[in-house]
K.L.:
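The structure follows.
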Amino acid sequence: MFASILQRIGQAVFVMFCMTVVVFIGMNLIGNPIDLLISPSATPAERARLIAEFGLDQPIWVQYWRFLVGLVHLDLGTSYIFNEPALRVIMQRFPATIELALAATFLSVLIGVPLGLYAGLRPYAPLSRFIMTGSILGFSLPTFWVGMMFILVFSVQLGWLPSGGRGDTVTLLGVKWSFLTWDGLSHMLLPALNLALFKASLILRLTRAGVAEVLPQDYVRLAHAKGLSARRVVFVHVLKNVMIPVVTVVGLEFGSVIAFSVVTETIFAWPGMGKLIIDSINNLDRPIIVAYLMIIVLLFVTINLVVDILYTVLDPRVQFSKARTR
Amino acid sequence: MPSDIVDPFARDPEATARPLRDFARSYLRSPSGAVGLVLLVLIVLAALCAPLLSFQNPYDLLQLDIMDGQLPPGASSMAAGYTYLLGTDDQGRDMYSAILYGLRISLGVGVISATTAAVIGATLGLIAAYRGGRVEAAIMRLVDFQLSFPTILIALMILAVLGKGIGNVILALVLVEWATFARTARGVGLVESRKEYIEASHVMGVPTWRILLQHLLPNCIPPLIVIATVQVARAISLEATLSFLGVGVPITQPSLGLLISNGYQYMFSGMYWMSVFPGLSLLVTIVAINLVGDRLRDVLNPRKDS
Amino acid sequence: MQAAAPLSPLAAAATAPSHPLLSVQGLTTSFLTPQGWTPVLRNVSFDIHPRETLAVVGESGSGKSVTALSIMRLLNPRSSKIEGDIRFDGTALTGLSDAGIRRLRGAEMSMIFQDASLNPVYTIGFQLTEILRLKRGLSRSDATREAIALLEKVRIPGAGRRLASYPHELSGGMRQRVAIAMALACKPRLLIADEPTTALDVTIQAQIIELIKLLQDEEHMSVMFITHDMGVVAEVADRTAVMFRGDLVETGPTAEIFARPRQPYTKALLASIPRLGSMNGTDLPQPFQLIDHRTGAPVAAEPQPEPQPARAPAAPSSDAAPLLTVEGLSLRFDMRGGAFHRLTGRVHAVEDVSFRIAPGETLSLVGESGSGKSTTARAIMGLNRLQGGTIRLGDLQATGPDAAPRAILCRRQQMIFQDPFASLDPRFRIADLLAEPMRVHLDLSEDEIRRRSAGLLRDVGLSPEMMQRYPHQFSGGQRQRIAIARALALDPQLVVADEAVSALDVSVKAQVINLMMEIQRRRQLSYLFISHDMAVVERISHRVAVMYLGRIVEIGPRRSVFETPSHPYTRQLMAAAPVPDPARRHLRRGLEVDEIRTPIRPPDYRPAPTRMIEVGPGHFVLDLPDHLPTALQT
């Protein structure tokens with residue numbers, strides 16, 4: 001077990017390394033930084049001085065090596081726009097995104113699991129058909145369009161909920177949080193729901209499929225034959241078997257929630273790193289893009305590792321070294 | 001399940017003499033599947049015949065009259081003398097025509113990227129399943145690596161590097177989607193290639209290429225069709241999202257996503273039509289495709305066997 | 001090695017008239033299908049008396065499992081309808097509320113299933129104590145104590161340690177013991193066992209049957225034993241109910257049913273079961289004398305398109321040059337694991353196996369799971385890579401550097417697989433399935449191919465008009481006939497049949513075996529017949545090789561091996577095979593708990609050299625003292 005975890009961490013580090021190569025090459029293809037950094041009116045001497053200062057006259061592998069060294073020292077350059085260390089700019093916005101993503105994940109489980117369970121247990125009930133058709137809508141609707149409609153209906157027409165921003169925040173452990181104030185919660189509800197909708201449909205369908213697969217199994221029949229109550233059969237014998245893949249997917253999809261927050265944050269003017277990255281792409285603010293990518297990669301690699309471990313803990317049939325062949 | 005619940009003697013020997021007709025019949029048994037199919041056919045026809053159905057070519061700036069800008073649905077044109085059924089945008093572009101042309105781009109991008117991704121992904125997946133060993137390990141590592149990053153992020157980064165443009169969007173979508181096909185194809189391929197009919201072909205000395213093309217591939221097609229349908233919908237949705245974020249198609253060839261984005265700024269000043277109508281069109285398109293995909297998944301379910 | 005226990009006193013009690021514990025009258029169960037309510041059971045009536053064992057026997061589709069599920073009311077109430085009167089100890093079950101029937105389930109009547117019926121994500125201990133706590137109201141610690149006692153009752157070694165195990169950590173036999181322990185937790189008066197041994201190897205099956213019989217005596221239970229195997233019926237049942245396509249055909253005391261079956265279907269069923277020992281005194285294979293299940297009249301032999309003088313299957317001349325020669329065949333599969341993909345062990349699937357098959361001869365490889373019999377067959381067909389040994393087919397080398405091309409070997413040897421539902425490509429019409437090998441290997445016109453295909457179908461007893469159909473339009477037996485026809489398309493000399501009849505129902509199985517013998521007679525084919533079923537092997541073989549843990553432990557003429565089995569494992573295998581003879585019902589085999597050993601060995605394992613001793617003409621026995629099941633080692 002321990003050796004397997006070490007091996008998995010080794011793999012994670014390797015993935016990180018691969019991503020530095022990909023990111024570095026990708027970023028060097030984006031425009032010519034010299035044109036961005038140096039005003040067209042600069043004299044050739046000034047130009048040369050700046051090029052040397054940024055190390056842009058060095059061979060590509062030397063530049064890459066500097067990039068790596070910087071990475072190890074948590075130095076990802078200075079934002080062209082904010083004129084601050086890129087990492088600091090990102091980390092300021094990191095909690096807002098994480099908060100939103102956690103809220104959305106929580107909501108999607110809260111919606112998806114009970115509805116999926118119901119639809120799976122009563123496949124022919126009218127409500128189940130309604131739920132299943134609804135779930136098709138749920139993953140058909142593009143996130144940005146739903147967000148727009150939310151604002152149009154709940155903020156503009158009905159005026160129930162604010163259309164953007166984080167609202168009042170409370171500082172806890174040195175980080176600002178919205179969920180601790182009523183105003184913050186009301187600001188968070190729409191974006192979180194918006195972000196949760198797609199995942200909720202996914203979880204709903206996964207849960208229903210799981211129930212449909214588990215119900216005809218002989219062990220469910222045996223549980224009934226043992227004379228257990230229907231409630232116990234469903235919530236003890238069926239549910240755990242269904243939840244093992246669901247938990248795994250919820251974990252893995254957390255990364256995707258963070259990625260899709262790019263869209264939601266843009267629409268709801270949520271000051272997280274998703275909105276930052278879109279602005280940075282449009283402004284060609286290279287250090288921010290690089291820092292964002294490296295943080296995201298680190299986050300995903302960690303999530304995958306945690307989910308792998310979680311999966312082994314949950315499912316007695318799976319050994320760690322063989323986990324994850326989904 | 002106890003083995004004798006299904007009575008094998010109850011099988012009607014003539015039941016499935018015509019596979020295609022049976023397929024159509026069982027597909028149409030679901031109302032939502034039928035509705036989805038009808039909608040989809042109409043949408044595809046509308047997109048194909050856009051120039052015939054529309055009043056103006058929305059890309060031809062000479063046909064636009066800025067005086068007609070921001071007209072509500074049902075308003076008559078000042079100059080051209082026809083009614084703007086769905087209103088006009090800020091440049092006086094007829095929304096109805098713009099939606100028809102936008103549909104072409106959205107559908108085109110979706111179908112082209114999904115089919116390209118399907119061919120590339122399915123080929124790699126089936127090769128992985130059939131060859132096994134190092135080839136499989138290499139392909140599947142790449143797939144795992146790619147799939148552990150969300151689609152939108154990869155697409156965003158690719159477009160950040162390559163810049164806007166229909167070709168670039170298609171390229172980004174193919175790069176994002178091939179892995180899904182590869183994973184599905186490998187999964188199905190593994191299941192099928194372990195079945196005895198493949199071994200039976202080996203034993204009969206059927207050449208490998210013939211086993212792959214005539215036995216393995218046809219039996220792997222149904223789940224791939226389902227995935228492909230869903231992926232077309234996802235590609236359209238993703239393209240719309242990217243265009244909305246401003247990194248997708250260029251302003252000169254607006255897809256539905258870009259139309260929505262353009263109208264977004266006017267939405268809160270009450271000019272809902274610029275954004276809502278393209279949005280609804282996008283929605284109906286994606287829902288129709290997903291309804292068809294969902295029904296295909298049920299009908300093509302391999303469990304119908306025995 | 002086996003102790004015959006004294007006659008059970010309960011046998012007498014069972015036949016005495018008494019108030020029935022379970023009484024089923026006019027049970028009709030229907031399922032909701034697209035065509036409306038379709039009955040799957042029609043007017044089924046029977047009684048089970050206290051302490052009695054009733055066997056419900058039937059082929060697939062007979063409705064025997066549905067009967068049990070109807071009694072326990074375990075069918076989905078939305079898609080099934082139960083009519084009729086079911087009384088348990090006088091209480092009408094059909095009228096009970098859900099809560100009422102739930103109180104009876106597990107407590108008064110309990111059930112065990114075929115396999116894997118334990119929840120995979122909970123420990124054995126959790127699942128056992130659950131029923132003890134909820135149904136018997138025991139405290140946690142009492143329940144744990146009682147769970148251990150129950151596991152000891154079903155003879156699970158190291159019961160205390162087993163509580164923390166998950167089902168997948170136990171073997172199939174051990175899992176079935178746990179299921180039995182669970183069923184006995186509340187001392188039920190009726191145990192319904194639905195094919196409880198079907199998924200198990202024959203030696204394990206014998207142990208489980210023994211256990212159920214013993215526990216029935218100890219616990220004074222009634223047992224409803226559902227099975228497809230007439231041998232098992234004869235071993236366990238006081239009375240027998242025969243079912244066929246949803247109807248109860250015949251009930252009566254087991255000895256009556258076996259000795260004087262009244263209904264044509266029962267007669268047909270009994271005629272088609274291979275009985276171990278029925279071939280004593282004969283040298284050659286013999287077809288079954290089958291009986292029509294509608295009329296009860298004997299069925300004519302398989303169709304013979306070319307009139308030929310009828311004669312018994314020929315004795316292959318053993319002096320002729322062998323068709324197939326296998327020498328020193330070894331197959332190992334590496335097992336890797338751990339952090340660095342290290343070699344952690346090897347599966348010694350086949351270890352130094354040698355045999356020959358003469359033209360026109362059937363050699364059977366018989367053994368339990370893990371014996372390497374299928375691996376051997378697949379290696380001969382080139383589906384597995386070998387680590388050592390040579391295979392020669394007539395004058396052709398099949399292995400090594402000077403091996404003949406696969407295309408040539410293919411034309412001389414063909415294979416029939418176990419699963420007739422998986423071995424035919426579902427997207428090919430029968431015509432194309434049969435034509436494919438001819439198109440690949442022979443230069444024939446399409447007309448000629450069609451003519452030959454029609455002939456092949458006629459040879460296997462099917463009509464050429466079926467050529468345009470797809471495989472799913474045929475029953476299992478018909479599909480297996482198609483598979484045989486395809487195997488014959490290239491007119492091979494050797495056909496390898498890997499468990500080719502194991503998946504078929506008894507009556508169909510007998511027909512297909514007869515067909516294979518008939519084809520052998522007509523074409524002078526050789527068979528390598530792989531099976532786990534001693535009785536079938538006895539029918540069809542000229543010579544037999546018994547395999548255990550990758551090695552042949554005994555090989556020789558069929559008569560010699562079956563009449564004078566000389567290796568302890570062969571004797572164990574024959575003793576374990578259920579014999580459809582009610583007179584043997586009170587034989588007790590003893591209760592030794594034995595597991596099938598695995599052929600997994602450490603990477604540095606060096607197999608001992610093979611030494612065979614000749615015990616009769618052409619009859620050899622392996623002389624390796626530790627190559628035995630643990631229980632037989634002294």
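Residue numbers begin at 1 in each chain, while the letters A, B, ... track the order of the sequences. Here the structure is a predicted model, which is why all the values come from computation and not from measurement.
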K.L.:
Among A:Ile303, A:Thr266, A:Ile258, A:Ile278, which residue forms the greatest number of heavy-atom pairs with chain B at distances under 4.5 Å?
P.N.:
A:Ile278

K.L.:
Counting only non-hydrogen atoms closer than 4.5 Å, does A:Ile296 touch chain B with its backbone (N, CA, C, O), its side chain (CB onward), both, or neither?
P.N.:
side chain

K.L.:
If we only count heavy atoms from C-beta on, is the B:Leu156 to A:Val262 side-chain gap below 4.5 Å?
P.N.:
yes

K.L.:
Out of A:Leu152, A:Leu137, A:Val257, which one racks up the most heavy-atom pairs below 4.5 Å with chain B?
P.N.:
A:Leu152

K.L.:
Determine, stepwise, if the pair B:Asp294 / A:Thr133 fulfils side-chain contact (heavy atoms from CB on, under 4.5 Å).
P.N.:
CA-CA 10 Å; B:Asp294 204 49; A:Thr133 313; over 6 Å; no

K.L.:
Using non-hydrogen atoms and a 4.5 Å limit, figure out which bit of A:Met132 sits close to chain B: side chain, backbone, both or neither.
P.N.:
neither

K.L.:
What part of B:Leu282 is in contact with chain A, defined as an atom under 4.5 angstrom from a non-hydrogen atom: side chain, backbone, both or neither?
P.N.:
side chain

K.L.:
For A:Leu293, which atoms come within 4.5 Å of any heavy atom of chain B: side chain, backbone, both, or neither?
P.N.:
side chain

K.L.:
Less than 4.5 Å to any heavy atom of chain A: does that hold for the side chain of B:Thr285, its backbone, both, or neither?
P.N.:
neither

K.L.:
Below 4.5 Å, heavy-atom pairs only: which of A:Met149, A:Arg205, A:Arg129 has the largest tally toward chain B?
P.N.:
A:Arg205

K.L.:
If you round to the nearest 0.5 Å, how far is OG of B:Ser237 from CZ of A:Phe139?
P.N.:
11.0 Å

K.L.:
In terms of heavy-atom proximity below 4.5 Å to chain A, should B:Thr241 be classed as side chain, backbone, both, or neither?
P.N.:
both

K.L.:
Heavy-atom distance under 4.5 Å between the side chains of A:Phe300 and B:Pro150, does that happen here?
P.N.:
yes

K.L.:
Does the side chain of A:Ile267 come within less than 4.5 Å of B:Tyr264's, by heavy atoms?
P.N.:
yes

K.L.:
Quick check: do A:Pro142 and B:Leu283 have side-chain heavy atoms less than 4.5 Å from each other?
P.N.:
yes

K.L.:
Examine whether an atom of B:Leu280 lies under 4.5 Å from a heavy atom of chain A, and if so say whether it belongs to the side chain, the backbone or both; otherwise answer neither.
P.N.:
both

K.L.:
Against chain B, label A:Phe254 side chain, backbone, both or neither, depending on which of its atoms sit under 4.5 Å from a heavy atom there.
P.N.:
neither

K.L.:
Which bit of B:Ala233 comes within less than 4.5 Å of chain A, counting heavy atoms only: side chain, backbone, both or neither?
P.N.:
neither

K.L.:
Roughly how far apart are B:Leu147 CG and A:Ser256 OG, rounded to 0.5 Å?
P.N.:
11.5 Å

K.L.:
Is there a side-chain contact between A:Thr143 and B:Phe244 (heavy atoms, below 4.5 Å)?
P.N.:
no

K.L.:
Report the option among B:Leu153, B:Ile152, B:Thr151 that has the most heavy-atom pairs separated by less than 4.5 Å from atoms of chain A.
P.N.:
B:Ile152

K.L.:
Counting only non-hydrogen atoms closer than 4.5 Å, does A:Val301 touch chain B with its backbone (N, CA, C, O), its side chain (CB onward), both, or neither?
P.N.:
neither

K.L.:
Give, as side chain, backbone, both or neither, the part of A:Leu141 having an atom under 4.5 angstrom from any heavy atom of chain B.
P.N.:
both

K.L.:
Under a 4.5 Å cut-off applied to non-hydrogen side-chain atoms, are B:Val276 and A:Met148 in contact?
P.N.:
no

K.L.:
Using non-hydrogen atoms only, which part of A:Phe260 is less than 4.5 Å away from chain B: side chain, backbone, both, or neither?
P.N.:
both

K.L.:
Does B:Arg295, at its CZ atom, have more than 12 non-hydrogen atoms belonging to other residues, nucleotides or ligands within less than 6.0 Å?
P.N.:
yes

K.L.:
Taking the side chain as every heavy atom from C-beta outward, state whether B:Arg141 and A:Val15 have any atom pair closer than 4.5 Å.
P.N.:
no

K.L.:
Could you grab the distance from atom CG of B:Leu245 to atom CD1 of A:Ile277, nearest 0.5 Å is fine?
P.N.:
11.5 Å

